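Computed from a prediction, not measured in an experiment: that's the story for all the values here. For the single chain, residues carry numbers from 1 onward in sequence order. First listed ligand is number 1; within each ligand, the first listed atom is number 1.
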Amino acid sequence: MKDNLAAKKKIDELTDAVNYHNYRYYMLEDPVLSDYEFDKLVEELTELERKYPQYAREDSPSKRVGGAVSEKFAQVKHNIPMLSLDNAYSKEEVVEFDKKIKRFLDYDMDGNIEYECELKFDGLAIELIYQNGIFIQGSTRGDGVTGEDVTANLKTIKTIPLKLLKDISYLPVRGEVLMDKENFKRLNKERLKEGLPLFANPRNAASGSIRQLDPKITAQRNLIMFAYGIGKYSKEINFKTQFELMNLLKSFGININKNMMVANGIKGAVNFFDEAGEKRESFPFEIDGVVIKVNDVFLQERLGEISKSPRWATAYKFSAKQDVSVIEDIEVSVGRTGILTPVAILNPVNIGGVIVKRATLHNQDEIDKKNINIEDRVLVERSGDVIPEVVKVVLKGKRSGAFNLPNKCPCCGSEVVIDGAARRCMNELSCPCQIKGAIVHFASKRAMDIEGLGERIVDRLVETGLIKNVADIYYLKPGDLSKLEGFGEKSEENLFNSIEKSKNISYDRFIYALGIRHVGEHIASLLVRYFGNINGIKSATVQELSSKFGIGEEIGSSIYNFFRLKSNIDVIERLFKAGVSPYINIVKPGESNLIAGKSFIFTGALNDFTRDEAENLIKERGGIIEKTVKKSIDYVVAGEGPGSKYNKAVKLKLKIIGEDELKSLTKS
Ligand code: IVH
């Protein structure tokens, strides 16, 4: 083979890179490459080493099984290497695994291989050596060939027997050490209190607990162990299948998990995987898939192993939830309520079989907390059907600091205000991104009550450009609507009728319909009561708005800001110009009734009115509806089956009236 200095250099570079990323993954548990990118590096290195074996370095990752040996414990050489498993992520890959086995064994392709199926525990692989039935040494898997001596720590685990029920001269048991979900949560809670760094998942917590220098700490962690096989064994034990082995281990007093089965053919193994997926959440510990093993030990021997993993077994894994990618851009979208949502545009990454191109960054506070910017390398998580999210930065890009959301709404260009953790566009009535939500609310039953103007039609009206804000509803022309698909003349006529009817509406419903942030029906009616009309509300200061009826500064400012925006005022003026003329129910000077200015609260059911109707009767006469019982309330209207409000009213000695008295008050 010819010397090739370029190849040697490349092999050196790749070896260093793979070792570094292995270290980040296994030791720091903080990878900066996606699984895909890492696999590509390994593939490139393996290919070059195959061509130029003379350049393969001693520390080449191809000479390891993975993992790393830590310095702080004595080293233990495994009698036979602890292998790893090949992974499958889809049914197709599992079926291919079955076919390969049949081809290798020269089996009938239509025949069935017997598979023993187990859960794939997501913990830390260990080996336990029993001599004459006594547990004498335990070690971690390490790099597969050499592990760490963690005997003292393993002895603290209650599911590891210190003495077997049978006196076997030599037995190396292999299994997984886990921390269950309960203990994981508890441990992190304690660490949070103590200001210690949290464990990212139960696997890391188990690993950290086993590699403690003080076994007393390990003992407090309540770890568990499930065995799944053995290393080199003595002839004293006899078994023909993996299933028999598992039961044998159990008979020796070794802990195995009961969720296992023998399937005749790969179909049954796939079913086992599906069922494990369904039960996954209900298991007290974490699993990351199932392990499918050829049951017959004789066949296992024939199949042997290939590049550090047995040919006779595969790990059928659940979809991965996280991977690393680079943020190429940050897009800011505006939701129906005006909140600006930053979305990371990612270099596409395959997370558990789904290509993820976008992930939410939530809001400015989250961006600041995680110090995220464009060009950063980030960890992305996708779980279930929820929108993928950026978990953290793993490597900063060229831009220092965090991304800042714009000061102007990207949808309409108007000023953005800080609203807690969020940034919000206040142009509620005209911002194209908020308009659909605003119109649906405006037309809703408790607001302007425009029958027939629901979400579906609003979507179409906005999309076709027929309406751009709520005032445009009143400028629709005959024929506009019947142009829309599925909108007949009759439905157009009906809609025009309800639009017309809505022009005559009470003032508090009109204020409520405007959709001012924080202004529900109750505050709307208070505003009308105290400030009279739009002009009164518009000219009130934040101080007046906040203090008049104790709504607080946040709501006061929201109302104040709404009326500072010219586009909102324009819309209101156009509404009035179109003929919307809300009527005021408060008593005019010289008039009087017994309800105006009085506060009411309802409890129990009325006979002749619904709650809404009764409340409207009061509001129309200038009364105020309260929702909680307090000393200042003038009348408690008690219907049938009154609730706790009634008892409280009695205690406070408030005036309690019935339906008949209410009726006579309204007739005043
Ligand atoms: S059998 C020869 N069975 O998965 C293969 N492994 O990548 C020996 N694991 O390091 C493994 N649950 O720690 C086997 N029921 C199970 C398992 C299991 C978890 C882990 C094991 C190993 C890794 C393979």
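- Between the side chains of E148 and T140, a donor-acceptor pair is found at a separation under 3.5 Å.
- Between F226 and F285, the distance from one ring center to the other falls under 6.0 angstrom.
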As a test of reading the model: which N/O atoms of the protein lie under 3.5 Å from N/O atoms of ligand 1, and at what distance?
from     : atom 1 : to   : atom 2 : distance (Å)
ligand 1 : 3 (N)  : K293 : NZ     : 3.1
ligand 1 : 4 (O)  : K120 : NZ     : 3.2
ligand 1 : 7 (O)  : L85  : N      : 3.2
ligand 1 : 12 (N) : F121 : N      : 3.0
ligand 1 : 13 (O) : E176 : OE1    : 2.4
ligand 1 : 13 (O) : Y228 : OH     : 3.0
ligand 1 : 15 (N) : E118 : OE1    : 2.8
ligand 1 : 15 (N) : L119 : O      : 2.9

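- Identified under the ring pair (Phe, Tyr, Trp, His ring centres under 6.0 Å) test for residues 126-176, with sequence neighbours left out: Y130-F135.
- Screening residues 268-294 for side-chain hydrogen bond (donor to acceptor under 3.5 Å, both in side chains), with sequence neighbours left out, gives E118-K293.
- The ring pair (Phe, Tyr, Trp, His ring centres under 6.0 Å) contacts involving residues 236-269 comprise Y233-F239, where partners must be two or more places apart or lie in separate chains.
- In summary, the aromatic rings of F273 and F318 are positioned with their centroids under 6.0 Å apart.
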